[in-house]
Amino acid sequence: MFDTKNSVGDLDAAAGRRVALAVLLVPVFLLLLWHLCNHGLPNDDAANYAQVAVSITGQFHRGIVPGTTSLFSLRGWRPTAFPPMAVPFLLLTADDVVTACAAMQLCLYAGFVFYLYRLARQCAATPLVAAAAATSVVSNPGIATYFLVFFSESAWLLFSIACVYHLLRSGIFRSISHALAAGLFAGLAVTIRPAESFVILLALVSFFIAEAVRSKAVSVTSVLISLGMFGVPTSLLVLSTWVKGIGRLEIWGMCAVATVFALLIARHHNRALLAFLGGLVAITCIWWAAYMPALFSWVNTSWVYTTSFAPRPADPLIDVASFYGWFQMALLAGGLIVLVFLMLRRAIRRRREGDLAPLFSAPVRLLLCASFTLLALFGGLYVSSKTGDPRRILVAVTLLIVVMIVIAGGRNRLTLALIYCVPVMQCAFLITLIAGSPLRANFGWIGGPRGPLRRTSGFVELLRTPLRGTDGNVDRKSTR
């Protein structure tokens, strides 16, 4: 009943892959059309990111050395790694902010679609089921919003999903190359949204390590030694938030020492786990060393503003659910109820038969546990703080949608056909946005972003004036 590897449909593998590719290209094409129609400059938070990116680009016009130095030294109010990612696109487009931001978001979206499909493919045998899962997520208007405007959540989603995919591909810490890739992507996610990434990685890595220990892929001793070894530079990084004597060289030096020790003991311990932790800690230390006070100031100011001054929704959970679409969240909740009922019935029947095998494959089981845990943690935060920022659960919602569609879509062709109705409706809504059709008002029940701005507006002078300047900091209030 719960075998997600059952064949669906009578298409052969090659034809199934071609159809899946065509399905996946539809939302990418729609996103391209949206950006072609959009002429509006980044606004508010997005303008802050663009301002920093333009300032860094101005340093590259002066030379490679000042440009490379500015990648680390020029940071805005949010000292994340998102603005430097736009620099190559600004250089390629001759400092055209609108085109550069659109090109970067398109590349991130294409990468997100690719990795999400590959992640779903790890759980489902057929390409059509995996394509249904990926398309349902990437065409969700709420999720697509972050790829339409210049928000850092686009890169954060890509890096987070890529991390999960490579963790699964590592065979639960058996493949060194995939474990290292997972660690690098995890580190990149930490450079974008460090607070949420810490919670997500804590949940994910805990479940993956538990599964690795259970399957005897790694010993408890190796886990403790690996965590202790890379915990030293991480602790030093955290202490640098308050201790002024801990600088960049001390943190980088300790990270290098931990890496050397990891290479020396790799023969006697799990190399994949060491590679994962090494990649994660290296990227995190390289970016955040000497900037932890700025990170703390940003997080603290954001939290104070959100909990004290920002408008609070009457019901945070309902407010967050509406962002992703009432219809989609209702389907997800209904699917969860049915899944729990079927799981209990199946578990009781198998227990009577003496069958103790797991109900799901390891990838499905891990994604279910991780997504439920993250939703519970962030849901508790929403309720306790009475805030409703939907960005915190982007990764959790994405993983849950994927795993639920993989489970349901693997049952029969009728179920899969019904599932495909969801991305069709979502894509239809995106088409109404692009066309500027008044019909988009009828799609409020599935969530949705704004349409493209068809004329230049707002911040032309703000973004172009400091192009060859040296100050990458932007007053947050000036971009509102």
Side-chain angles (χ1 to χ4, degrees), residues 4-36 105-148 154 157-158 161-162 164-165 168 324-325 327-328 331-332 335 363-364 367 394 397-435 443 446-449:
T4 59
K5 296 293 185 179
N6 290 338
S7 176
V8 177
D10 53 2
L11 293 174
D12 57 36
R17 286 193 294 270
R18 288 194 292 269
V19 173
L21 176 62
V23 169
L24 293 170
L25 288 177
V26 171
V28 177
F29 178 70
L30 293 179
L31 198 83
L32 173 62
L33 288 180
W34 192 97
H35 281 292
L36 288 176
Q105 294 298 77
L106 279 170
C107 290
L108 292 173
Y109 191 69
F112 180 54
V113 173
F114 170 78
Y115 267 112
L116 198 61
Y117 171 73
R118 296 304 302 168
L119 176 63
R121 198 71 175 86
Q122 290 297 301
C123 306
T126 62
L128 291 179
V129 175
T135 310
S136 296
V137 172
V138 300
S139 64
N140 181 284
I143 295 176
T145 297
Y146 296 107
F147 294 90
L148 299 178
S154 55
L157 260 178
L158 168 60
I161 295 304
V164 178
Y165 165 74
L168 289 178
Y324 295 98
F327 176 71
Q328 298 94 315
L331 286 180
L332 191 61
V364 172
L367 294 185
L394 271 171
V397 169
T398 296
L399 295 179
L400 185 58
I401 292 175
V402 167
V403 73
M404 289 296 297
I405 291 179
V406 164
I407 293 173
R411 293 174 59 81
N412 51 62
R413 285 179 292 178
L414 176 60
T415 303
L416 183 60
L418 292 175
I419 289 172
Y420 266 104
C421 293
V422 175
V424 168
M425 287 187 293
Q426 293 176 161
C427 288
F429 171 72
L430 293 177
I431 291 174
T432 63
L433 285 181
I434 297 169
F443 285 88
I446 67 170

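Everything quoted here is computed from the prediction, not taken from an experiment.
Under the side-chain contact (heavy atoms from CB on, under 4.5 Å) rule, Thr398 has a single partner from Leu119, Leu157, Val164, which is Leu157.
Between Val19 and Pro127 there is no side-chain heavy-atom pair separated by less than 4.5 Å. Residues Pro27 and Thr135 meet the side-chain proximity criterion, which asks for heavy atoms closer than 4.5 Å. With a 4.5 Å cut-off on side-chain heavy atoms, Phe114 and Leu24 do not count as touching. In this structure the side chain of Gln105 never reaches within 4.5 angstrom of the side chain of Tyr146, judged on heavy atoms. Taking the side chain as every heavy atom from C-beta outward, Leu367 and Cys123 approach each other to under 4.5 Å.
Atom OG1 in Thr145 sits 9.5 Å away from atom OH in Tyr324 (nearest 0.5 Å). Met404 CE to Ile419 CD1: the interatomic distance, rounded to the nearest 0.5 Å, is 9.0 Å. Within the model, atoms CD1 of Ile405 and OG1 of Thr415 stand 12.0 Å from one another, a figure rounded to the nearest 0.5 Å. Here the straight-line distance linking atom OH of Tyr117 with atom CG of Leu21 works out to 8.5 Å at 0.5 Å rounding. Between Ile401 atom CD1 and Ile143 atom CD1 the span is 5.0 Å, to the nearest 0.5 Å. To the nearest 0.5 Å, the span separating CZ on Phe29 from CD1 on Ile431 amounts to 9.0 Å.
Using modelled atom types, no side-chain atom of Gln328 and backbone atom of Gln426 make a donor-acceptor pair closer than 3.5 Å. Judged by distance alone, with hydrogens and angles left aside, the side-chain atoms of Thr432 form a donor-acceptor pair with the main-chain N or O of Phe429 at under 3.5 Å. A donor-acceptor pair under 3.5 Å links the side-chain atoms of Arg121 to the main chain of Ala124, judged by distance alone.
Across all non-hydrogen atoms, the minimal contact from Ser139 to Leu430 is O-CD1, 4.0 Å. Between Leu416 and Gly409, the closest heavy-atom pair is CB-O, 4.0 Å. Taking each heavy atom of Leu108 and Ser154 in turn, the nearest pair found is CD1-OG, 3.4 Å. Smallest separation of non-hydrogen atoms from His35 and Phe147: NE2-O, 3.0 Å. Minimum interatomic distance between Ala132 and Ser136 (heavy atoms only, all atoms of both residues): O-OG, 2.7 Å.
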_Test side chain to side chain contact (heavy atoms under 4.5 Å, CB included) on Asn140 and Val137; report intermediate values, then the result._
CA-CA 5 Å; Asn140 181 284; Val137 172; 5.8 Å; no
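With sequence neighbours left out, Val28 forms a side chain to side chain contact (heavy atoms under 4.5 Å, CB included) with Tyr109, Val113. Residues that satisfy the ring-ring contact (aromatic ring centres under 6.0 Å, His included) test with Tyr420, not counting sequence neighbours, are absent from this structure.
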